Each structure stands twice: as structure tokens, then as C-alpha cells.
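Have a look at the structure below before the remarks.
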Amino acid sequence: MYKIAAENLQALFQKIAADQDLYLPVKVSDQVNFKAWSEDAEVCLDTLKTVKSPKDAFFPQSENLYTCKKEEKNISIEPQALQEKNFVVFGMKACDIQGVKVLDNVFLSDPIDTFYAARRDHGTIVALACHEPEESCFCKVFGIDCADPVADVATWMIEGELYWKPLTEKGEALTKAVAELLNDADEAKVEEEKAAIRAIVEKLPYSNLSLEGWGQEDYMDRFNSPVWEELYKPCLACGTCTFVCPTCQCYDIKDYDTGHGVQRYRCWDSCMYSDFTMMAHGNNRNSQMQRFRQRFMHKLVYYPVNNNGMFSCVGCGRCVEKCPSSLNIVKVIKAFENQGGEK
Amino acid sequence: MSIETNEEFRPKIVAFCCNWCSYAGADLAGSSRLSYPADVKIIRVPCSCRVNPMFILRAFEKGADGVIMCGCHPGDCHYSTGNYYARRRMTLLFSMLDYIGVENGRTRVEWVSAAEGVKFSQTMNEFVEKIHSLGKNVRLEDLRCRS
Amino acid sequence: MQRIGVFVCHCGSNIAATVDVKKVVELAAKEPGVVHAEDYQYMCSEAGQAKIQEAIKEKKLTGVVVCSCSPRMHEATFRKAAERAGLNPYMVEIANIREHCSWIHKDMEEATKKAVILARAAIAKVNLNAPLQPGESRVTKRALIIGGGIAGIQTALDIADAGYEVDIVEKTPSIGGRMSQLDKTFPTLDCSACILTPKMVEAAAHEKINIYTYSEVEHVSGFVGDFTVDIRKKARSVNMDKCTGCGVCQEKCPSKKIPNEFNRGLNNRTAIYTPFAQAIPNVPVIDRENCLKFKTGKCGVCSKVCQAGAIEYDQQDEIVTQKYGAIVVATGFDIIKLDKYDEYAYSQSKDVITSLELERIMNAAGPTKGHLERLSDGKAPKELVFIQCVGSRCSDDRGKPYCSKICCMYTAKHAMLIRDKYPDTNVTVFYIDVRTPGKNFDEFYRRAVEQYGVNYIKGQVGKVIPQPDGSLLVQGSDLIDNKQILKKADMVVLATAIEPNPDVRKIATMLTASIDTNNFLTEAHAKLRPVESPTAGIFLSGVCQGPKDIPETVAQAGAAAVKAIGLLAKDKLTTNPCTAKSDELLCNGCSTCANVCPYGAISYEDKQVNDHGIRETRRVAVVNTALCQGCGACTVACPSGAMDLQGFSNRQIIAEVDAICR
Amino acid sequence: MQELINRAKELLADGTVARVLGWKAGDLPYNPEPAYFETEESLKDFVYNGFCGANLSKYMIEASKLEGKTLVCLKPCDTYSFNQLIKEHRVDREKAYIIGVGCKGKLDIERIRKQGIKGIESISGAEITDEAETLTIQTIYGEKTCAYKDAMLERCHVCKGKEHKIYDELIGESKDTKDADRFAEVEKIEAMSPEEKFAFFQSQLSKCIRCNACRNVCPACSCRKCVFDSNKFDSAQKANVDSFEEKMFHIIRAFHVAGRCTDCGECSRVCPQGIPLHLFNRKFIKDIDTFYGEYQAGEDSTSKGPLTNFTFEDVEPSIVAERG
Amino acid sequence: MRNEHSAAEKIKEISGTNPLKCMKCGKCSATCPSFNEMDIKPHQFVSYVVNEDIEALVNSKSLWKCLSCFACVERCPRDVKPGKIIDAARQLVVREKGGDYLKADEIPQLLDPELPQQLLVSAFRRYRR
């Protein structure tokens, strides 16, 4: 266990950024999101939730897959280079780290997504414990301990000092690289902090949400439930929930005509959008109710069924805060809770 | 150095011309051998009111350095009222582009009648000169188009 | 994917001298969709068109791009050629590499580069073209003539003689127009009224011709073959059927001090009046602005003296709505106002007059009963000066940049008539050039000099100064003698520039016919279609299109009539297929498009739609393709992009933009 | 609020309306959601408080297709949107029973959070009947207070007024909340140099995540299929490339609603990245006012919009360059 | 020796006129008050410029006979402005004389209170650089 005073963090970031890219919560025009660090960046480590989750670091909202160059009537293909440079994501929260694990199940199982895999290989995650969890948080429901995040390095911000604990080889390597800035520390303060955090988590309104009836194979009753018909109605069909979510992994592949050829890129898609999974024959979900249901059935049923019970929601609460219509996954879970015996 | 690059800079300029007045005006400039820089490329539209602001943004996105729209003089529209609508649309669009920090010289509307070959050529010469002074459009171009 | 053929025209050396035609062929061939590319000396020639047709058949082309002159020149030619080879004509696009390229650029490399880009844009467009089918519309077999001067009368007679109904709308109380004000005509010196009156009578008597005098066109809607026109018949206050034309009312009318328009205000008329003796119809009107009955409610003399009981003070303006297949504009001209030409002292001296005023003075029915006299003191002038080009050929904002064309000849006429009738009156003409192209015109002018001794001085007058003794001092220059001339004159006549009737602007707007910067109506083609407006179904007769003398006006009137007859002879017209089209699945039914449509071509229907499985009744826009003229205003107004313009679709234009910016 | 519920029950009971469109209490103090109530019993969850900011006019597009009348609760500013939707034939006046509800300014939870208030357990002072000038907020981290005004949505500070432009009946009092100039922010930007303007919008728009919330919530963006969703146009993009895309999207969107936007402020309210999207719309409104005379979209349901209208004397586009 | 071509160009530049627009109507000469004292008449000015015979023009009597009344400028129907042309020719001469014309800072000490103010202004206008 090491520690570093908050006033030395700038030096720490400089040190890290000297030979790799560094992503961390930065405030731009009043909003905090994970961004590449620069000398003049306004770093905000005390922000609990960045607007977007940091999944961009591994699975960017838009990324090029390859470029076709057109010369006369010939077409040549230039593949996109994979991530080669090491990078550090600093300040990820436990829920978001769990989000990356959800993505891992999708992108690192066969067939492996090489773009994602390359980023995972080259990325080091420095986690930050949640000092003051908020009412929209419900990570506890998914067995996540925001007081003790598990990543390459775990850190705690306690009374103006960042406590630093490497947990993996990557973490050790990073620690070594910045060793000159770190001082040794004992764990007592950290344990105190953990206990304090856990005590707050207990008090959070959503912490005792029940997942009973979700994540089960026989889901047709739930699929066919009339509850969806009522639930979806306020939904505006925007993609806010999807794009702020740390686990949503759907993407669309599109071509952009650059005038000299075509860039094939992929970009996040949202199951809330009317052209989601649009195919030549049409769309297999052609009402907003169906698309709405898809989102939650996927997160709470299909995904856990296929991934040993791991839910594809991590309780970060971003959708709770950001939905323009104040809809969210908690309301969905509760709606079925109120349905009583129904699965 | 900067002078050198300036000399090399050949702007891409899109001119939307209505079929009845300004395209004919451009034809007249041609038959009167009134030259203007080859950087200007004309797209024929039936009326200035056919020009969707989206076309103009599209041109900038794809790397145009200037976009000019020509139509019949107010009162002379072949379709009576088309250029009046176009005038309002373009006024608002240009104002918006100015508002978001795009140099306002990159867009222009000029009313050119079928008899105004001289005006057409003069306008194009002026416009190209203006674009030269502004240099390359970097604020609206989609960087992907450079690759 | 289309199979496109690209045909690059040399246009002799018009294109080939500045554009490397072979290079354009080579590079165009590499564009996507292009399966054939060739060049030829003259694509518009029989042989050139044959090449296109051959390629269409052999290479199974689905699209054609011709790189040549302006589409305004030969688009129709190439489309017809393609159609003959079995290709939909709307699959042909033109890249204008002559007017927009070879003619304006000097550098071969630069011009070639641009030509390639223009070709590329046209190819990109054709890639998205779709075959279009023109629709059909009915032709109403009736023509409207706006203006009842010699041009309008002649056109009306010619159309009526061909068997079609014709209506003439004339603003003033009588037909006859400017020609009725003239005394004699050049170069024959025959009496204007003597040749015009029979025409007026013939028109009035013609069973196919209906004349609306004292009437104006109020509103025009519709399109070629099917115009609907509202005509305002202004209240004449005299019953046309009852009036016998006896003229007693005019004799007895107490309001006698109203400037007589027909005599250019040189004398007065009464409030109830016919403009001139031979007026048709010979029915007076009451000028309500000056009539005591209307101004004060008292009087009513005319009603009392009218034996026929024709006076109707309570007449109202009447709107007549009529359908027409063709409209001929014959609105004629007026002379310009001289308030910007103070140097000629027109406003200061009564003895400085315009040529048109001289016509009235010389006319036996005019204010001086045909005697040449000074308006100031009634004395016969001994020294007369004519000044040419007053307001014509001026590039400043005081006058008109064009030559008024008729002044040289009528001045020679005036000079000759005066010298003939008053041999002791000296006549001097200051001129810049004497322009006499026309049959027997130069001979006529030479007669004035050689037989009648008119003194022609090459040089312009700079100033006319009224003298205390009532004479006029004319300061001019004699460019041949290189002298400045000071000449005393008793009367000065100004050859004042003519301009289109000021009402033409309003009328052109109603007709959506274009006019040039001088307010002359624009022809569809300066050389090849001189009597048609670019707006289909609108024809031009007389001076409204450009300065003309009487024979030319009559000739053009006949030509306009023939064009109108050609249209009226058809039962149906094919319509422009480049019309707006609404995608009913995208349409919101918001009416925004209908709000901007100048033709009222968009209506709304509740329609059963199947939107990817969702069946519902929606309010959607429907375009009447017969009314739609294809301006595209609706396409931009439409927020959802449901409205698109066939032949100039969003995607086509965007493809052109992309191709140019590439 | 009780008056509202009682009236809704009456109208449901006597068959005047088939359903009620209002707000349903959320599971946190600040997240009521738009909801339909079809029975008197279900109205127990009905709520109308300071957090009911959502403009329900847009929901009436769908509700107009349903059998029977829908009782809809509209705040004064929402009625402008409703008028505009009538003008565009997107809602059916006959299908709506409009209760104009009073408004004393709507609250923005983001503004409360910006003041460092977190772990919210309860909020008092947000009820519509409360006369409180201050919100009292119980949090896990202790009790906090916040002036009502400081928690208000931006749009309420430039409120168009207390008057409902269309309604069948009115319930509740409204309060003047306007304390700022509607165009002050726009003018501030107009005064910037091109470089500053560009930097400002670049910084704001770089946050855009293309979630389309602004578009989907917008009552003027009522197209069945947006041009940005249609493959018919090459504008269909979901990319987030931080160059031109977002600018293009927002300019075109603002242009599409220009002359139709009532300045209801929903776009700015819902933007997850806090982009002041109203600055685009308000710029157009300001321009329209200066160039073509004052115009308020939604003031009535019949007048011609400024972009479907013209005068011969309209200013030329060169005015933009001339005024510098 | 003056370069005749560049002198002609200079006259066009200073006068801001295009002599090619002249249609030789003679209206300028018609009322010129100095006509009889001029060897080259106003309507001939343009041809000297067009023909680039500036030497003859600047050596003519007319150069100093023009009163700058601008009647010709006002009345010219073609916007050619012979008065401006001759004024420009005059300026050409004045400028070429180099040092022997007044400098602005020498003027105050030369001022005669009797001198009409208008004359001064007109002199400045005519002979300013």
C-alpha cells in the first residue's frame, strides 16, 4: 500500500502520461467525462459519475474498421491499425469495472473482437473507490463492492491523500514506473474508509432491490407480460440510457463516403432506435414497446442466462439520472416486483 | 512560406444557380467570354428555393471552401415566389453559420438575371478572391474526407 | 448500377481549343457506372446524335452524359435523340463544358480539370436518375391578349382568323394604343389613323374577338393550356348596350378642365369622355375622379341629356373569370419622364416638346388642329431644332442604355413633313448617329436632307436656354467642324427614349414571365424563340419585348399569334415530369409544403398506408403534377424530407455536391 | 394538485375523457414520469410538482390516434407547443381536453446536484401548492437547502408568461418566474470573435453523444421519420467523430424547427451532457424577430410561420456579413 | 521620357473613368465654357487617352484651360467624364514636376488672409498627391 498527496497528483499524471496515454475524468464545458489527460485539463476525481461511462476507452463510440481507397475503378483496402500504445484509465469506479467485464464476455469470447482485445491488452485500469455513493447507485444489488474496487490498481481518496494499491502485474508495473512519487502507507485508513462507504451503501434507497425472477431460463411469461405495454409509454426512444450505460455493447457498422473512398466504421447503436437491427427484409422489432422490452430483457434475462448469471447491469445509476422521461431499469425491476408471483 | 501555400491553395467553390436567371446569366458570361476562376463549379437547380441548407452544409462537410447561391432578382422569380423563400432561408442559415464561428465570407447569395453575364463573372471573381483571403475551410470540413 | 455513356463534344474548336477532350473521355471512362466514353466534333449534329443512339443500343446504356454546351441550348436535342434510341429522355444529363468552362478559361490544363469535374458531377447525378414519364393536360381553346394596341389587335385578328376565341383586355377606354396617337407613319407618310382604324373596326366586329376595354388583368393562375384569369372591368358608368355614341353628354359636361391624356395633356377634355373620335367602342366613360356627380353628388347633367338613358352612376367594377390556353402580352410602351434632363429645359419652356407631343400638334384632330405653332404664344416657329437620343443610349441612371430604335426615322418624318408644309421654317437636327436599317429607311432619311433641306448636325446638344424674348438658345457641338454651336430656335423637339409600359412589371409577376433589367419581357431564346416568354404559354407581341416600329410590331404580332395558334391547336399538352413527389410514408401531413407552393399544386388526403406493417390512416400530401411546375420550394420547406423533386432530387444534388468537392 | 385529481376523476367518470395524461410519482423525490391514467383508482399515483417539467404536448400526437378524448395537463409554455402541433395537423384538438395547470417554475435536478447536493432522500418545497421560496433537501450526507429559483430550469428564468394559449379549463395559479433576458446568452455569443464562437460551440458540441434525446423530446421534431434516421438521405449517421457530424446535426435540427420552435426548452432540459441547445433555437428566434418582425411560434394555431412567408422588402442574406 | 502607356493607365486610374465607353456624341463639347480657347476639345480628350497620345494632351493648352466646372461630367450620357480625364492629366503633370510644388507644411506661412477659402480647398483637392 502506497499513498500520494492530492497536490502531487498533477505530477503523477505527468509521469504516467510521459510514456503512455492517460484517460481520466475531465471537465469540459461543465460536464465531466473520461478524456485524454493534458496539462491544462480540469481533472475531477471527486465526481462520482461521469456522464458517459469510461467504456469508450476500450470500446469507443465510433471506430474505424478499415478504409477502402478508390483509384479509378480499382479499390484497395487499408486495414485499421490495432491499438499499440499502452494507456491508463485512471479513476474508474467499481461498477464501471464490472461493466468492462460484461463487455469482456461479449468481445473476448469466440470470435474475439481484435480491436477490443488490443485495447484491453494495452490498457491498465486504476480504480477509485466511491467516496460518497449517491441515491441513484445500486451496484450492491449486483454484488459489487464500490468500497473495494478490483482492478490493476485500486485507489482510495482519503482526506487529501490518494491511497494506492497495485493488484495485478500491470498494476505493479505502473506502480514501479511512478514509484518515485509514492510513499509507503498502512492500510488502516483504507479499511476505515471501506467501512464508511459500506455503511452509506446500506442506506441507499435502491440497495435492497430484489432481482428475484430475473436471469432465468423460462422467461416467456415475463416476455409476454402486459406490464411492458404500460412501462414503455413515456419512453421517447432516445439513446440516452444506452449511450451512458457502461455495459451496452451493441454497435452498428456503417460506411462513410470520404470522396476518395469509403471508411467502414462501427459506432454504438441503441436498441431504442427505430432502425436497430434493421435488415433488408425489415425490422423484427417494429414497435417501441418491443425495443424497450429488448433493452431490459437483454440486461436482466438474456445476458445472465448466457453468461452464468452475470447481469448486464452494474447498478451505476446513470440511466436513473439521465433518462429524459425519468424511466430506468430500477422502475422496470420494481414494476415486476409489484406484479407479485409473476416471473 | 505562408505566401507559398497561399499560391497553391485552389479553393473548391460550389455555386448553385437557378435554371431561369442565374444559370442563364452564367451562360451569358460564357458566351461573352467573361472569365472567372475555374474553382467555381456550378450546379443547376430549377429555382433558388430548391437549395436546401443541407446541401450547403454538405458541401462544406465534403471540403468546399465557399458556397454561393444565385437566383433571379427578387420580383423576377420564374416561379414568382421561390427566391423570397430562399432569401429567408439563406439569411437565417448564414446568420447561424456566423454564430457558430464560421467566417461569414464563405457563403454568399447573389441575384443574377439572365442578362447579367457581367455581374455573374464579377461576382464569381470577387467571391473567389474572398475565399482566397479566408483560406481553407477547416471549421466545417469533415476530417474523414481528407483521408 | 447504371450503364452510363459519356459523350464529349468538341464543338469544333469552341470546346476543343481549351479543353483536352481526349483527356476528359479518358478520365470520365474511369468513373463508376461509365461503360462507354467517346468524343466527337459536333455531338448535336446528325452524326453526333447517331453516335449516341448507336451506343445506347450497342452498349445497352441506361444513362447518358453529354459534355457539351449549356443544357439550355441542347438538352432537349439530346434527350430526343436518346428517346429515339429507346432510352427514357430523362436519363440524359448535360455537363456544360462550353459556357461554363472552355469559353471562360484560357489555361488548357485548368479548363480540362474543370471539365472532368463537371462531367463527374453529371455522371454522379445520372447514377441516381430515374426514368420519368410526362403527364398530360388539357388545352383551353381560347387566347387572352393583354393590351389593345396595334400589336394586340393584330395578334387577336390572326388568332381569331384561325378560328379560336380571343379576348383583348385594354386598360384605357378604347383600343388603338400608341399608334392611334400618331399623325403619319414612316417611311410612307400615310396617315396612321387611316390604316389603324379599319383594323380596330375589324377586331370589334370579329365574331371570335371579345374586347374588354377600360379593364385590367387582376389575377392569373394555372399554367400553359389552362390559365384562369380574373379580369376587372372597371365601372364605365355608361351602359355599353344603350349608348349610341351621340356625344351630347361630352358636349354638356361641365367639368372641362381635365388634361387630355390622348393629347399628352396639351389640351383638356371633359369628365365624361371618349379618348378620341374613332374610339372603339365609341362609348364614353365617366372619369369618376374628376366628375362632379361623383365628387360632390350634385350635377348629373350627362344623365339628363342622354336620350338613350345610358348613364349609370351606380355601376360597379365587375370581375370576369375566364379560362385561357394561351396568353399574349402586348402592353406596349410609353416615353420616359424627362425630369432628370433639366438641361433641355423641358419643364421650363412650353416650346420644348417631345416628339409624341409633336405628333399630336401635327394631327388635324390634335390640340392645334394640325397647325404647327408654339404652345407658348401660338406663333408659327421659324427655327425648329430636333435633339436626338434624349435618354436613349445612356449608361447613367438618368436614361436607358438601349437605342429606342424609332427616333431617327420619326424625326426624319417630322422634319420632312414640316419642311413640306412650312417651307420657310428651318429645321435642324442634332444627332449622334443616324440609324436607318430598314426597307426604304435610308432613302427616306436622305430625302429629308437632299430634297427637303433639313440641316443635320453631327453632335449633341448640351443645353437649351430659354431666352427673355421667348426664344430658345440651343448650345450644341458640331463634331465634324469641331465647333461649338449656339443656335436660336423657336421650338425644340426632343426625341425622347421609349420604355416598356410601367404596368408590365405587375403583369409579368402575375404571369411569372421574366423581364430584363429594362423591364422588357424576356424571350425564351434571344434568337430562336423571340416571341415566346420562357414561361410556357405566354407569348410576346410588340414593344413589350423590345423597341420596334410599326411593321416590326405587326410582324411580331403575327408571329406571336402563330405560336399561340400552334398551342391552341393541340388538344393535350405533355407536362414537365420534373415535379415534386411526396413519400407518403415519410409525410407528416403538416401542410408546410402547401403553404409555400405558388401553384396550389399540393392538397391533402386521408390515406390508408402500410408503414412497415403498421397500417393506419394518415393525412398525407398529394401533388397535382399538372399544376406543379417543379420549383422545389416545397422540398426544402418539408421538415421530414418526404417531399422530393423528380429530376432534381435531394440525392442527385447531393451527389453533384460530393462529386464537385471530391 | 388534489383539485386536479378530483377534476380528472370527474371527467373520467362522466365519460368526457377516456384517459388522463399527466405525471406519475417516481421512486425518487425528483423523478416523476409522464403517464396515462385510465381509471380513477390509478390516479392515486398522479403527481404534479416542481419536477413535472416534461412537456406533454408531444405525447398528444400518439394520444390523438387513440379512441376517445385524452385529458392532458399543460403548463402555460406547453400550450404554445400544442398550438403549433395543431397548426401542423399533428394533434387533433377534438381529441384533447386541455386542463391548463398552474406553474411556479419547474425544477432541474442537475442544478441541485451542481450545488454539491448528493445522496438525496427527500425534497420538500417542490409541491405545486407550496409557497416556499426554498427547497429543503434531506440527504444521506445531511440536510441541505437550496433557493427554489436557483434550482429552476433555465427556461423558467426566461418564461414566456403565465397565460395558457389554449385550454378547456384552468386549474391552479401560476407565478412570474422571469428574471432574465431571453436573448442575453445569444447576444453574448454574437459579441464574440469568430474564433471564440467556434471554440465555444466546439467545446459544447464535442460533448454530444448523439443520443437524440433533444430531437425525440422536441414537440417540433415530430416527423414520423427523421431525416437523420432515414437511409434515403446520406445524413443518416450515428457516428460520433467530433468533427463535423454533431455540428451538422444540431444546425440542421435547429433549422428544421426554425420558425416552428416555441422555445419550450425541452432540448436543453433533457440533454444528458448539459449542452445549451436552446442557444441554437433562440438564435433563429432572435434573427426572425429582428429580420421579419416579432414572431412567437405557438401563439396561435393559424398564422403563417416566418419561413413559409415573405415580404418583398425582406433583408438580403448579405446583412449577416454587413452587420459584422 | 514618359511611358505613354503607363501614363494613359494612370489617367484612367486617377480619373476612374473608362474612355472606351465614349460614344462620341459631343455633348461634353456642346456647352464647355472654355471650348473656344482649347486646342484639343473636350470630346477629343478620350481619344488621346485611348490612343495613348498623352504627350500631346499634357502639352495642350486645354490642360490649363479647363475650369473644372464639371458640366461635361454631369451631362455625359456614357459616364465617361471628360472633365475628370483632363483633371487627371493635369495631376499627372503636377506629380511629375517633383519638388517644385507646395508641401502641406509650407502653406500656413504663405497664407494671405485675403485669399478666398474656397480657392484653397479647391487647390488642395486638385493638387493633392
Side-chain angles (χ1 to χ4, degrees), chain B residues 10 12-14 16 18-21 23-24 26-56 58-64 67 72-73 75-82 85-86 89 113-116 121 124 145, chain C residues 69-73 94 96 98-107 110-111 113-115 117-118 121 125 505 508-518 522 526 534-535 578 596-599 629-637 641 645 647-648 650 653-654 656-662:
Chain B
R10 291 309 302 258
K12 291 179 189 167
I13 292 168
V14 180
F16 291 98
C18 81
N19 185 44
W20 304 99
C21 288
Y23 193 91
D27 279 358
L28 182 57
S31 41
S32 318
R33 310 300 197 274
L34 299 163
S35 84
Y36 52 87
D39 309 321
V40 178
K41 316 284 188 310
I42 295 170
I43 294 179
R44 184 165 68 125
V45 287
C47 177
S48 51
C49 68
R50 178 66 189 94
V51 180
N52 196 314
M54 221 146 142
F55 301 159
I56 289 169
R58 174 76 168 205
F60 283 127
E61 179 197 357
K62 294 290 179 180
V67 181
C72 308
H73 284 269
D76 293 347
C77 176
H78 179 74
Y79 305 99
S80 319
T81 54
Y85 296 121
R89 289 167 186 159
S113 82
E116 293 174 324
S121 138
M124 292 306 150
C145 293
Chain C
C69 54
S70 171
R72 292 169 58 87
M73 191 72 79
I94 310 294
N96 184 346
R98 194 179 76 176
E99 282 86 346
H100 294 183
C101 188
S102 70
W103 276 354
I104 45 169
H105 306 312
K106 292 199 178 75
D107 181 77
E110 203 173 84
K113 242 191 225 167
K114 178 166 172 182
I117 292 172
L118 295 177
K125 187 179 182 194
R505 200 160 248 285
T509 308
M510 280 193 271
L511 296 172
T512 71
S514 47
I515 46 182
D516 66 18
T517 45
N518 296 313
T522 317
T535 304
C578 294
V596 299
C597 179
Y599 305 103
Q629 300 291 295
C631 68
C634 54
T635 61
V636 183
L645 186 63
F648 293 94
N650 288 325
I653 296 173
I654 284 174
E656 287 179 90
V657 168
D658 287 2
I660 288 171
C661 296
R662 208 198 294 165

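What you are looking at is a predicted structure, and each value in this text was computed from that prediction instead of being measured. Quick note on labels: first sequence line is chain A, next is B, and so on, each numbered from 1.
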> In terms of heavy-atom proximity below 4.5 Å to chain B, should C:Arg98 be classed as side chain, backbone, both, or neither?
Replying inline: neither
> Tell me, side chain or backbone of C:Thr522 under 4.5 Å from chain B's heavy atoms, or both, or neither?
Replying inline: neither
> Under the salt bridge (Lys or Arg N to Asp or Glu O under 4.0 Å) rule, what pairs show up with a residue in residues 32-43 of chain B, not counting sequence neighbours?
Replying inline: B:Arg10-B:Asp39
> What part of C:Ala121 lies closer than 4.5 angstrom to a heavy atom of chain B: side chain, backbone, both or neither?
Replying inline: neither
> Once you round to the nearest 0.5 Å, how far does SG of C:Cys631 lie from CH2 of B:Trp20?
Replying inline: 11.5 Å
> What residue among C:Glu99, C:His100, C:Glu656 forms side-chain contact (heavy atoms from CB on, under 4.5 Å) with B:Ile42?
Replying inline: C:His100
> Rounded to the nearest 0.5 Å, what separation is found between the CH2 atom of C:Trp103 and the CG atom of B:Asp27?
Replying inline: 9.0 Å
> Of the backbone (N, CA, C, O) and the side chain (C-beta and beyond), which part of C:Ala111 lies under 4.5 Å from a heavy atom of chain B, both, or neither?
Replying inline: neither
>> Is it the case that the side chains of C:Asn650 and B:Arg58 hold a donor-acceptor pair, with the cut-off being a distance below 3.5 Å and no angle test?
In response: no
>> Does any backbone or side-chain atom of C:Leu645 lie under 4.5 Å from a heavy atom of chain B? Answer side chain, backbone, both or neither.
In response: both
>> Nearest 0.5 angstrom please: B:Ser113 OG to C:Asp516 CG, how far?
In response: 7.5 Å
> To the nearest 0.5 Å, what is the distance between SG (C:Cys578) and CG (B:Asn19)?
Replying inline: 10.0 Å
>> If you apply the rule side chain to side chain contact (heavy atoms under 4.5 Å, CB included), what do you find for B:Phe55 with C:Ile654, and how did you get there?
In response: CA-CA 6 Å; B:Phe55 301 159; C:Ile654 284 174; 3.8 Å; yes
> For B:Tyr36, what residues pass the ring pair (Phe, Tyr, Trp, His ring centres under 6.0 Å) criterion, not counting sequence neighbours?
Replying inline: B:Phe120
